[in-house]
A.B. asks: 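Take a look at the following structure, please.
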Amino acid sequence: MEKQYIKSERAHFMCPNMHFGMMARLSQEYTDEKLSLSLNMLAKAHPFLRSLISLEEETGKLFYAVSQDSQIVIEKRENTDTLWEDYKGVANKEWNVFKNGLLRVFVYPEKTSFAIVFIAHHLLGDGRCLLGLVSEFADAYKEGKVPNEVEECLIQDIVDLPPNSDLKGISKYIVKSANKKWRKENQQVSYKDYACFAERFTKENPVAYELLKVSNSRLKNMKRCCKENSISLNDLLMAKTYIATGTKKIIIASDIRKQLSCYRKGAMGNYATAFGVICKGKTTDVVEKAKEVHKQVEVYKKNNRKLMLVLSLYLNMDANLIDAATIASFGSFESKAAKFVGQNMFGYLKRDGVSITNLGKLENQNMEELIFIPPASPATSVTIGVVTLNDTMRMCSSYYEKILSREAAKRYLEALG
């Protein structure tokens with residue numbers, strides 16, 4: 001495998017709370033031996049599960065240092081009573097990717113079943129990547145199925161994106177100007193300084209979580225509504241979010257695997273883009289709002305320059321400037337260039353963003369429950385993660401307690417269900 005460098009994933013490197021989770025329940029008796037065997041199968045198949053992040057001294061680039069041994073960290077608990085405290089505990093200490101692997105696993109044995117939580121650093125991959133990984137684990141544990149070995153091949157250059165994806169016009173000028181100002185400042189954030197900032201940030205900005213299970217009858221009605229009105233389930237969920245929250249802009253993730261020649265089926269890594277959908281219509285009718293959403297989303301899907309904008313920004317921007325953006329935005333590092341990028345381009349100034357990531361539908365009878373716990377980006381007030389397993393939809397929101405009340409977070413989820 002060719003050495004894989006951190007390029008379009010760079011914004012996940014020096015940014016707090018860049019982890020997310022997948023909680024699964026298997027109706028199978030738990031044993032330490034089967035857990036270890038199954039996770040080792042995954043690590044053998046996926047090089048990034050055997051990786052730490054390393055610095056290439058001669059170039060200053062970051063890359064995935066692949067070893068022969070699994071770097072998955074496993075922790076076993078007595079029961080699920082501590083599950084959410086365990087998950088929150090991951091955020092309370094900076095995840096040093098130079099010393100720790102990119103996947104942590106908590107397991108909770110019960111009498112005839114067990115719960116397991118996969119927590120991935122965003123440098124390991126995106127939500128769909130983790131969804132596939134958990135599905136592979138369930139198949140390995142219950143059936144002994146060996147996952148396919150896949151060579152990782154990340155987005156490394158603008159030419160890896162679809163045609164007409166590169167920046168142009170004012171966007172190109174702004175990035176070039178920011179790079180020039182940053183280089184003129186001639187400075188760099190040390191990882192030690194960032195780690196101190198991240199630990200302080202996570203303690204001062206605690207994240208909370210809310211869960212919702214959508215009834216099968218409700219989900220069936222939602223699907224019927226979508227079919228009758230030529231809209232997607234995601235359009236409908238977004239429409240409900242606009243109405244419930246009053247926001248005019250929602251950030252959504254869009255899977256682009258089918259559009260990338262570098263992607264290998266089943267590989268780890270980030271193969272998604274994100275964009276903000278603005279809907280200013282005043283209607284409170286959910287279907288009409290969903291139709292408005294659908295039109296806006298289609299505009300992005302048909303225009304690579306709009307769809308790939310955030311990835312193009314990362315690929316055109318100085319890597320060290322991206323590193324400094326978060327810490328400078330929150331006043332722990334002096335840089336006008338980095339502060340401008342973080343606050344005006346990455347959204348750290350207002351911190352009022354609403355984000356939805358719907359991973360879609362998965363059929364896997366080896367799991368009886370699945371919850372996607374989305375990352376809590378410092379640029380958003382709330383992020384909602386959605387996944388449907390065997391026709392059962394579950395939602396989970398990650399939100400900053402200082403920005404959003406628990407009552408509001410519960411109300412938002414209830415409105416979606």
Side-chain angles (χ1 to χ4, degrees), residues 4-20 48 53 55 60-64 91 94-98 102 120-130 154-158 160-161 165-167 171 174-175 178-179 182 188-191 193-195 197-198 201-202 205 251-256 268-276 307-330 332-333 335 337-351 353 355 357 374-380 383 398:
Q4 298 297 300
Y5 293 97
I6 294 175
K7 293 290 186 69
S8 62
E9 302 84 3
R10 192 74 184 219
H12 306 322
F13 174 50
M14 287 196 189
C15 183
N17 291 324
M18 281 297 98
H19 63 277
F20 54 97
F48 285 180
I53 301 303
L55 177 68
K61 296 178 180 180
L62 295 173
F63 67 96
Y64 295 80
E94 165 54 20
W95 191 326
N96 189 328
V97 292
F98 295 111
L102 303 176
H121 194 288
H122 224 322
L123 291 176
L124 175 66
D126 54 30
R128 193 164 297 278
C129 155
L130 189 59
L154 297 174
I155 299 168
Q156 294 289 294
D157 193 271
I158 198 72
D160 292 326
L161 299 182
S165 294
D166 202 0
L167 300 178
S171 298
I174 290 173
V175 172
N179 284 339
W182 169 252
Q188 186 172 336
V189 179
S190 72
Y191 193 82
D193 287 341
Y194 163 71
F197 157 74
F201 178 89
T202 52
N205 295 269
I251 301 164
I252 63 171
S254 180
D255 180 35
I256 55 173
M268 301 292 98
N270 288 270
Y271 303 98
T273 187
F275 54 91
L307 184 61
M308 305 294 170
L309 177 61
V310 67
L311 298 180
S312 297
L313 283 173
Y314 296 152
L315 292 171
N316 278 278
M317 195 172 290
D318 187 294
N320 296 129
L321 173 56
I322 297 175
D323 293 345
T326 309
I327 186 171
S329 296
F330 291 99
S332 296
F333 181 77
S335 166
K339 186 176 181 180
F340 172 81
V341 168
Q343 293 191 348
N344 296 284
M345 299 177 72
F346 292 176
Y348 298 139
L349 179 61
K350 295 182 178 180
R351 297 191 68 198
S355 179
T357 298
S377 167
T380 64
T383 302
S398 303

A.B. asks: Where is the tightest heavy-atom contact between S355 and T380, given as atom of each residue plus distance?
C.D. replies: CB-CG2, 4.1 Å

A.B. asks: How would you list, by chain and number, every residue that makes a side chain to side chain donor-acceptor pair (under 3.5 Å) with N179, sequence neighbours excluded?
C.D. replies: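 None.
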
A.B. asks: Do the side chain of Y194 and the main chain of A324 share a donor and acceptor less than 3.5 angstrom apart?
C.D. replies: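 Not confirmed, Y194 side chain does not pair with A324 backbone.
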
A.B. asks: Which residues satisfy the ring pair (Phe, Tyr, Trp, His ring centres under 6.0 Å) test with Y64, sequence neighbours excluded?
C.D. replies: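 With sequence neighbours excluded, Y64 shows a ring pair (Phe, Tyr, Trp, His ring centres under 6.0 Å) to F48, given in chain and number order.
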
A.B. asks: Side chains of L167 and I174, heavy atoms from C-beta outward: is any pair under 4.5 Å?
C.D. replies: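 A side-chain contact under 4.5 Å is absent here.
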
A.B. asks: Side chains of L62 and R10: does their closest heavy-atom pair fall under 4.5 Å?
C.D. replies: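 Counting from C-beta outward, L62 and R10 do come under 4.5 Å.
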
A.B. asks: Please list, chain by chain and in numerical order, all residues satisfying side chain to side chain contact (heavy atoms under 4.5 Å, CB included) with A91, sequence neighbours excluded.
C.D. replies: N17, H19

A.B. asks: Do side-chain atoms of D126 reach the backbone of C129 as a donor and acceptor pair under 3.5 angstrom?
C.D. replies: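 Yes, D126 side chain to C129 backbone: donor-acceptor pair under 3.5 Å.
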
A.B. asks: Just by distance, do the side chain of N205 and the backbone of F201 share a donor-acceptor pair under 3.5 Å?
C.D. replies: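 Side chain of N205 to backbone of F201, a donor-acceptor pair under 3.5 Å: yes, one is there.
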
A.B. asks: Has the side chain of T383 got a donor or acceptor atom that lies under 3.5 Å from a matching backbone atom of S398?
C.D. replies: no

A.B. asks: Only one of I6, V175, I322 passes side-chain contact (heavy atoms from CB on, under 4.5 Å) with Y314; say which it is.
C.D. replies: I322

A.B. asks: Please name all residues satisfying side chain to side chain donor-acceptor pair (under 3.5 Å) with S171, sequence neighbours left out, ordered by chain then number.
C.D. replies: none

A.B. asks: CE/M14 to CZ/F197 distance, rounded to the nearest 0.5 angstrom?
C.D. replies: 11.5 Å

A.B. asks: Go through the structure and list residues passing ring pair (Phe, Tyr, Trp, His ring centres under 6.0 Å) with F63, not counting sequence neighbours.
C.D. replies: none

A.B. asks: Between Y191 and F13, is the ring centroid distance below 6.0 Å?
C.D. replies: yes

A.B. asks: What residues form a side chain to side chain donor-acceptor pair (under 3.5 Å) with S332, not counting sequence neighbours?
C.D. replies: R200

A.B. asks: From L321 CG over to S335 OG, what is the distance, rounded to the nearest 0.5 angstrom?
C.D. replies: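 One finds 7.0 Å between CG of L321 and OG of S335.
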
A.B. asks: Who passes side chain to side chain contact (heavy atoms under 4.5 Å, CB included) against S8, sequence neighbours left out?
C.D. replies: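 Checked S8 against side chain to side chain contact (heavy atoms under 4.5 Å, CB included); matches are I155, L311, L315.
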
A.B. asks: Go through the structure and list residues passing salt bridge (charged side-chain N to carboxylate O under 4.0 Å, His left out) with D318, not counting sequence neighbours.
C.D. replies: R183

A.B. asks: Could you pull out every donor-acceptor pair under 3.5 Å between side chains of residues 268-275 and any protein atom, sequence neighbours left out?
C.D. replies:
unit_1, atom_1, unit_2, atom_2, d
N270, OD1, H122, ND1, 3.1
N270, ND2, H122, O, 2.8
Y271, OH, C153, O, 3.0
Y271, OH, M268, O, 3.3
T273, OG1, L307, O, 2.8

A.B. asks: With sequence neighbours left out, what residues match S312 under side chain to side chain donor-acceptor pair (under 3.5 Å)?
C.D. replies: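 With sequence neighbours excluded, S312 shows a side chain to side chain donor-acceptor pair (under 3.5 Å) to no residue whatsoever.
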
A.B. asks: Report the residues that fulfil salt bridge (charged side-chain N to carboxylate O under 4.0 Å, His left out) with R351, sequence neighbours left out, ordered by chain and then residue number.
C.D. replies: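 With neighbours one apart ignored, the set is empty.
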
A.B. asks: Would you give the length of the straight line joining atom SG of C15 to atom CG of D323, rounded to the nearest 0.5 angstrom?
C.D. replies: 10.5 Å

A.B. asks: Name each donor-acceptor pair under 3.5 Å that joins a side chain in residues 341-349 to protein atoms two or more places apart or in another chain, with its distance.
C.D. replies:
unit_1, atom_1, unit_2, atom_2, d
Q343, NE2, S329, O, 3.0
N344, ND2, F340, O, 3.2
Y348, OH, T326, OG1, 3.2

A.B. asks: Report the distance from atom CG of D157 to atom CG of D166, rounding to the nearest 0.5 Å.
C.D. replies: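 These two atoms lie 9.0 Å from each other.
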
A.B. asks: Checking side-chain contact (heavy atoms from CB on, under 4.5 Å) for the pair F20/L130: CA distance, chi angles, key distance, verdict?
C.D. replies: CA-CA 9 Å; F20 54 97; L130 189 59; 3.6 Å; yes

A.B. asks: So does K7 have more than 12 non-hydrogen atoms from other groups sitting under 6.0 Å from NZ?
C.D. replies: yes

